[in-house]
> 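Sharing a structure, written as structure tokens. Questions coming.
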Amino acid sequence: MLSIENLTLHYGHSQILNGISMQAGQGQVTCVMGTNGVGKTSLIKAISGTHPRSAGSMTLDGEALGVLPAHLLARKGIGYVPQGREIFPLLSVRENLETGFSCLPAADHSVPEEMFELFPVLKEMQGRRGGDLSGGQQQQLAIARALITRPKLLLLDEPTEGIQPNIIQQIGNVIRHLRDQGEMAIVLVEQYFEFAYDLADQFIVLRRGEVTLSGDKQQTSKSELLSRVSV
């Protein structure tokens, strides 16, 4: 579904990513791992278009994508759940969900009932302001908002950060469900090792902006992976 070749990214004069190549398969979870500051979030931002890549090529579902802004990549089928969630605090839960309509034709401007089946708490809180939700509830809202856009590729940046254990378990179940449907590729950036290892079908490990390990779960031992992502 996603193929990246030799992606580089700069912040000003600083090169953050150097020649990243990776693939993310449909019906699979690809987990990007590494210690703090190695470029994981920068990679997700480059894929989503929120920070334009400096060089390299990217294809989605066989279509070559130029250096496009985030809103055009969203219309191409890239759903992005950023670190920190970035929900609209003064909009209601339903209004936050409806912001995803901007990627869709008018005929599809409705919130699928499946969103409330995946995240029952959102149905109960449709009229509540996003800023009044707990961190875990906001994370569920952010994922649901991305799913409203009907993505081919779902990018999740640290979805367990600051979340209580029972919500982490619910989010993990949703990711499994989405993977098992086989309709999208999922790229997961995650520091919580056990959560990531349990969900992932393949791993990409970054160090200093470069890929140091790439492989599927069957080919990657847990001990080797843990040693690569430990400080």
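For the numbers below, each heavy atom of this structure counts, side chains included, while hydrogens, waters and symmetry mates do not.
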> Do the non-hydrogen side-chain atoms of Leu122 and Arg145 ever get within less than 4.5 Å of each other?
no
> Side-chain contact, heavy-atom cut-off 4.5 Å: Asn6 with Ser57?
no
> Under 4.0 Å between a side-chain nitrogen and a carboxylate oxygen: does that hold for Glu194 and Lys222?
yes
> Would you check, one step at a time, whether the test side chain to side chain contact (heavy atoms under 4.5 Å, CB included) holds for Gln126 with Val111?
CA-CA 11 Å; Gln126 288 182 69; Val111 177; over 6 Å; no
> Does Gln191 form a side-chain hydrogen bond (donor to acceptor under 3.5 Å, both in side chains) with Glu161? I'd like the steps, not just the answer.
CA-CA 8 Å; Gln191 293 273 42; Glu161 185 178 40; over 6 Å; no
> Taking the side chain as everything from C-beta on, heavy atoms only, tell me whether Asp108 gets closer than 4.5 Å to Phe101.
no
> Taking only residues two or more places apart in sequence or in another chain, which ones pass ring-ring contact (aromatic ring centres under 6.0 Å, His included) with Phe203?
Tyr197
> Can you name the closest pair of heavy atoms from Gln139 and Pro159 and give their distance?
NE2-O, 3.1 Å
> Heavy-atom count check: over 12 atoms from other residues, nucleotides or ligands less than 6.0 Å from Lys40 NZ?
yes
> Mind checking ring-ring contact (aromatic ring centres under 6.0 Å, His included) for Phe88 and listing every partner two or more places apart, or none if nothing turns up?
none
> With a 4.5 Å heavy-atom cut-off, do Glu114 and Leu118 have their side chains touching?
yes
> Going by side chain to side chain contact (heavy atoms under 4.5 Å, CB included), name the residues that satisfy it together with Glu113, two or more places apart in sequence or in a different chain.
Phe116, Glu117, Lys123
> Can you list the residues that meet the side-chain hydrogen bond (donor to acceptor under 3.5 Å, both in side chains) rule with Ser102, with sequence neighbours excluded?
none
> Among all residues two or more places apart in sequence or in another chain, which pass the ring-ring contact (aromatic ring centres under 6.0 Å, His included) test with Tyr11?
His51
> Can you give me the closest heavy-atom contact between Gln164 and Ser134, atom names plus distance?
NE2-OG, 4.2 Å
> Glu190 and Cys31: which non-hydrogen atoms are nearest, and at how many Å?
CB-SG, 4.4 Å
> Does some side-chain heavy atom of Glu224 sit less than 4.5 Å from a side-chain heavy atom of Leu213?
yes
> Under the criterion side-chain hydrogen bond (donor to acceptor under 3.5 Å, both in side chains), I'd like the reasoning laid out for Thr8 against Gln15: C-alpha separation, chi angles, the key distance, then a yes or no.
CA-CA 7 Å; Thr8 65; Gln15 183 166 328; 5.4 Å; no
> Return the set of residues passing side-chain hydrogen bond (donor to acceptor under 3.5 Å, both in side chains) with Glu98 (not counting sequence neighbours), or none when no residue passes.
none
